[in-house]
**Student:** 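One structure follows; several queries about it will come next.
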Protein chains: 2
Amino acid sequence: MQFSSRLPIAVHILLAIVEFEGKNKTTSVFLAGSVNVNPVIIRNTLGQLKAAGLITVKAGEGGSALAKKPEDISLMDIFEAVEKEEELFHFHENPNPECPVGRNVHAVLDKRLLSIQEAMKQEMKSITLQSLIDDMNHMLDPNE
Amino acid sequence: MQFSSRLPIAVHILLAIVEFEGKNKTTSVFLAGSVNVNPVIIRNTLGQLKAAGLITVKAGEGGSALAKKPEDISLMDIFEAVEKEEELFHFHENPNPECPVGRNVHAVLDKRLLSIQEAMKQEMKSITLQSLIDDMNHMLDPNE
DNA sequence: TTTGTTGTAACATTTTATATTACAACCAGA
DNA sequence: TCTGGTTGTAATATAAAATGTTACAACAAA
């Protein structure tokens, strides 16, 4: 079981928007060339990031830009923008209500699964886009 | 995106093994009746839990039992027994190496994604089967 | 030896992710 | 105002993963 590549792709897109600001127009086709997926995937992702208020997209003209400062965008914001699920775990649908265990697993497990999800989200919140940009800049120019 | 129901099912199985100890023989068919999935799913899961050293299964005779004390089994142990993935996130396969971003996203993101995974696992480690049993017993008999 | 079981393979079905094609709506510049 | 490149989105296709099912050999106890 794995998460889809949506979060990695969205982060890639945001890093590219920052990196190419003022240098290249970041159209869906241009971004698709960097991420190496179909441009429609990019457009859909851009749409989700826009809906979440993280970027602006220029319809017709083309290109996108950050709508917030990178230090105000966390992995959590990005994750929630591109993954719609509320529940991290898929619970088996119909435990037997006639069984004392089947009747109660849900109540017993739910809060634990939520706390796991919460731990994950807390960690995501602590990672900002800015810190990723810093890391990338350091790789592009170690002396900076 | 969601995790499969494997962890919830495995926990259900373990709780049932504890609950019915000495009362019913916990065969795959019996357990399937409580979880409400196909017995083969149960057998496969039992096999994984056995391989991880969490339970014993009696071939031929039928039935299963815990191989460790419930306080020594964490959700993390169960999770690792039934989910084989090493990486939580699926990274997009071929970022463009000719692009400064494409060339570096992997290095930049990987450690962050790992820390998210790590946060999740830490939380899983802190939850023992015993605590779930306690919760369930309290639901079955609030005065206990 | 009979009965009920585990372990496992093979296959079917369902769901989700990802890719692709197509096209209307849009916008800037010629 | 026309043109060219673009976004937004629907529809469809393909691929991959999860889940369900059937079948049967190996096994163990009565």
Side-chain angles (χ1 to χ4, degrees), chain A residues 1-10 12-13 17 20 24-33 35-52 55-65 67 79 81-95, chain B residues 1-10 12-13 17 20 24-33 35-52 55-65 67 79 81-95:
Chain A
M1 253 304 317
Q2 276 192 318
F3 274 101
S4 72
S5 56
R6 277 188 210 122
L7 177 65
I9 287 177
H12 186 146
I13 289 174
I17 288 177
F20 292 107
N24 292 270
K25 193 165 70 166
T26 48
T27 66
S28 64
V29 171
F30 176 81
L31 291 169
V35 179
N36 219 345
V37 296
N38 193 286
V40 176
I41 307 281
I42 302 288
R43 280 182 224 145
N44 287 336
T45 307
L46 288 174
Q48 292 176 304
L49 294 172
K50 185 172 77 169
I55 63 171
T56 57
V57 180
K58 294 197 187 108
E61 184 181 358
S64 26
F79 181 78
V82 299
E83 296 278 2
K84 63 217 163 304
E85 295 296 344
E86 352 55 63
E87 302 288 328
L88 179 55
F89 290 91
H90 178 202
F91 216 104
H92 48 292
E93 310 288 343
N94 308 303
Chain B
M1 253 306 316
Q2 276 193 318
F3 274 101
S4 71
S5 56
R6 280 189 209 120
L7 176 64
I9 288 177
H12 187 147
I13 289 174
I17 287 176
F20 293 106
N24 291 273
K25 193 165 68 165
T26 49
T27 67
S28 63
V29 170
F30 176 80
L31 292 169
V35 178
N36 218 347
V37 296
N38 193 287
V40 176
I41 307 281
I42 302 288
R43 281 183 222 144
N44 287 335
T45 306
L46 288 174
Q48 292 177 304
L49 294 172
K50 185 173 77 171
I55 62 171
T56 57
V57 180
K58 295 200 188 105
E61 184 182 357
S64 25
F79 182 77
V82 298
E83 297 277 1
K84 65 216 161 303
E85 294 296 344
E86 351 54 62
E87 302 287 328
L88 180 55
F89 289 91
H90 178 202
F91 216 104
H92 49 293
E93 311 288 343
N94 308 303

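Reminder, nothing fancy here: chain letters follow the sequence lines and each chain counts from 1.
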**Student:** A/Asn38 CG to D/dA13 P: how many Å, rounded?
**Tutor:** 16 Å

**Student:** Can you tell me how far C1' of D/dT3 sits from CD of A/Glu61, to the nearest Å?
**Tutor:** 16 Å

**Student:** Specify the separation, in whole Å, of atom CZ of A/Phe89 and atom P of C/dT16.
**Tutor:** 17 Å

**Student:** Which nucleotide sits closest to the side chain of A/Ser4: D/dT9, C/dA17, D/dT21?
**Tutor:** C/dA17

**Student:** With a 4.0 Å cutoff (strictly under), does any side-chain N or O of A/Lys58 reach OP1 or OP2 of C/dA28?
**Tutor:** no

**Student:** Looking at C/dA19, D/dT21, D/dT9, which one has an atom nearest to any side-chain atom of A/Ile41?
**Tutor:** C/dA19

**Student:** Counting only side-chain nitrogens and oxygens, does A/His90 get under 4.0 Å of the OP1 or OP2 atom of D/dT19?
**Tutor:** yes

**Student:** From the list D/dT7, C/dA17, C/dT6, which nucleotide is the closest neighbour of the side chain of B/Thr27?
**Tutor:** C/dT6

**Student:** More 5' along DNA chain D: B/Pro39 or A/Gly63, using each one's nearest nucleotide?
**Tutor:** A/Gly63

**Student:** Between C/dG7, D/dA18, D/dG8, which one does the side chain of B/Lys50 approach most closely?
**Tutor:** C/dG7

**Student:** What distance do A/Leu49 atom CG and A/Thr56 atom OG1 have between them, rounded to the nearest 0.5 Å?
**Tutor:** 11.0 Å

**Student:** Both A/Val37 and A/Ala59 contact DNA chain C. Which one's nearest nucleotide lies toward the 5' end?
**Tutor:** A/Val37

**Student:** If you check the B/Val40 side chain, which of D/dT9, D/dT6, D/dA23 turns out closest?
**Tutor:** D/dA23

**Student:** Can you tell me which nucleotide in D/dA18, D/dT7, D/dT9 comes closest to the side chain of B/Arg6?
**Tutor:** D/dA18

**Student:** Would you kindly give the CD1-to-P distance between B/Ile9 and D/dA18, to the nearest whole Å?
**Tutor:** 12 Å

**Student:** Would you indicate whether the side-chain heavy atoms of A/Leu46 and A/Leu31 approach each other to under 4.5 Å?
**Tutor:** yes

**Student:** Output the rounded distance in Å from CG (B/Asn24) to C1' (C/dG4).
**Tutor:** 16 Å

**Student:** It should be established whether A/Ser5 places a side-chain nitrogen or oxygen under 4.0 Å from OP1 or OP2 of nucleotide C/dA17.
**Tutor:** no

**Student:** Check the distance between D/dA18's C1' and A/Phe91's CZ and give it to me in whole angstrom.
**Tutor:** 17 Å

**Student:** Kindly indicate whether the side chain of B/His90, heavy atoms from C-beta on, has any atom under 4.5 Å from the side chain of A/Ser4.
**Tutor:** no

**Student:** Among the nucleotides D/dT21, D/dT7, C/dG7, which one has an atom lying closest to any side-chain atom of B/Arg43?
**Tutor:** C/dG7

**Student:** Are B/Arg6 and B/Thr45 close enough that some pair of their side-chain heavy atoms sits under 4.5 Å apart?
**Tutor:** no

**Student:** Expressed in angstrom and rounded to an integer, what is the separation of A/Leu49 atom CG from D/dG8 atom P?
**Tutor:** 11 Å

**Student:** Whole-Å distance between C/dT16 P and A/Glu83 CD?
**Tutor:** 13 Å

**Student:** If you check every side-chain atom of B/Val57, which of C/dG7, C/dT20, D/dT7 has the closest atom?
**Tutor:** C/dG7

**Student:** When you compare the side chain of B/Pro95 with that of A/Asn36, does any pair of heavy atoms fall below 4.5 Å?
**Tutor:** no

**Student:** Using side-chain heavy atoms (C-beta onward) and a distance below 4.5 Å, is B/Phe3 in contact with B/Leu88?
**Tutor:** yes

